[in-house]
Amino acid sequence: METETLVRDLLTFIGEDPDRKELRKTPARVTEMWHYITRGYRTDVAALLKDSVCDEPYSQMIMVRDINYYSICEHHLLPFYGKAHVAYIPNGKMIGLSKIPRLVDAFACRLQIQERLTNQIAETLQDTLKPHGVAVVIEATHLCMQMRGIEKQNAVVTTSALFGAFREDERSRNEFLHLIGQARVN
Ligand SMILES: [Zn+2]
């Protein structure tokens with residue numbers, strides 16, 4: 001398989017012997033793993049959400065916090081990972097709570113940059129639900145920073161996308177920030 005040949009070449013490039021006994025299954029394992037960790041490319045986001053959208057008069061903030069995710073930095077093909085916090089204020093439409101972590105997963109399991117991941121989640125909710133507001137905050141530890149010794153070893157990068165009421169109304173924004181305990185987000 002062509003991908004396995006690529007992995008063998010990579011092993012040779014880093015100075016390994018791809019025929020070393022312990023490495024013989026590595027190209028097949030790596031191929032299978034990359035298929036799995038990039039499964040977001042094969043997730044139909046619209047289909048994922050469609051059946052779950054329902055009409056509801058509820059109009060208070062709905063929040064799912066501390067969603068664990070794993071993504072891959074497209075600049076270095078190394079993982080970044082952490083927690084996502086997602087909130088919205090419905091405007092007549094809601095989705096099942098369990099869909100939110102799956103939405104995060106669908107965009108995280110691709111090559112990404114943290115800023116785009118944040119925006120894609122927020123924009124998808126905005127487009128699907130047309131809510132009063134959407135807020136997405138993503139905290140990330142980037143192995144490409146840590147392993148290359150860039151910035152402090154324990155640096156956590158935070159990105160946010162705030163739409164509608166979360167951008168315009170200080171009370172909504174503060175309530176959201178209070179709930180995620182993240183006073184440092186702008
Ligand atoms: Zn990187």
Side-chain angles (χ1 to χ4, degrees), residues 1-18 20 22-23 25-46 48-49 63-87 99-127 134-163 166-167 176-177 180-186:
M1 190 178 173
E2 201 180 330
T3 316
E4 293 182 24
T5 311
L6 286 172
V7 179
R8 280 182 61 88
D9 287 349
L10 181 63
L11 288 169
T12 305
F13 168 75
I14 63 180
E16 267 294 351
D17 170 12
R20 180 156 68 80
E22 295 81 358
L23 292 180
K25 287 184 180 160
T26 297
R29 284 195 201 101
V30 170
T31 299
E32 192 184 328
M33 181 197 70
W34 272 96
H35 185 75
Y36 181 71
I37 66 178
T38 57
R39 61 192 178 280
Y41 288 110
R42 294 172 297 280
T43 303
D44 183 340
V45 171
L48 172 73
L49 299 178
M63 176 164 179
V64 183
R65 51 169 287 178
D66 296 328
I67 303 166
N68 287 309
Y69 74 88
Y70 295 89
S71 191
I72 304 151
C73 149
E74 70 182 8
H75 301 141
H76 302 95
L77 301 188
L78 283 175
F80 66 92
Y81 63 92
K83 289 183 188 307
H85 314 289
V86 177
K99 297 291 180 173
I100 292 179
R102 292 179 63 189
L103 177 65
V104 171
D105 211 54
F107 287 119
C109 295
R110 306 176 186 204
L111 301 191
Q112 277 291 7
I113 60 171
Q114 185 181 341
E115 294 85 347
R116 188 172 66 223
L117 173 61
T118 311
N119 280 327
Q120 283 176 332
I121 296 164
E123 283 165 7
T124 301
L125 287 171
Q126 178 67 37
D127 293 347
V134 174
V136 176
V137 168
I138 294 199
E139 300 171 37
T141 298
H142 290 258
L143 288 191
C144 63
M145 286 165 64
Q146 302 205 327
M147 293 177 77
R148 297 188 309 145
I150 294 170
E151 310 232 350
K152 291 197 175 65
Q153 285 291 310
N154 57 358
V156 173
V157 180
T158 303
T159 50
S160 62
L162 305 176
F163 294 164
F166 290 107
R167 176 167 290 279
F176 171 69
L177 295 178
I180 62 172
Q182 282 266 327
R184 66 179 183 273
V185 179
N186 293 313

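In each ligand, atom 1 is the first atom listed, and ligand 1 is the first ligand listed. Numbers here simply count residues along the sequence, with the first being 1.
- Here Cys73 contributes SG and Cys144 contributes SG, and at the Zn ion (ligand 1) these two atoms make an angle of 130°, given to 10°.
- The backbone N or O of Asp105 sits nowhere less than 3.5 Å from a side-chain atom of Arg39 that would complete a donor-acceptor pair.
- Minimum-distance N/O/S atom of His76 relative to the Zn ion (ligand 1): ND1.
- Judged by distance alone, the side chain of Lys99 and the main-chain N or O of Leu48 form a donor-acceptor pair under 3.5 Å.
- In summary, no N, O or S atom of His142 is located under 2.8 Å from the Zn ion (ligand 1).
- Between Thr3 and Thr31, the side chains place no donor N or O within less than 3.5 Å of an acceptor N or O (distance only, hydrogens not considered).
- For Gln112 (side chain) and Phe107 (main-chain N/O), a donor-acceptor pair under 3.5 Å exists by modelled atom type.
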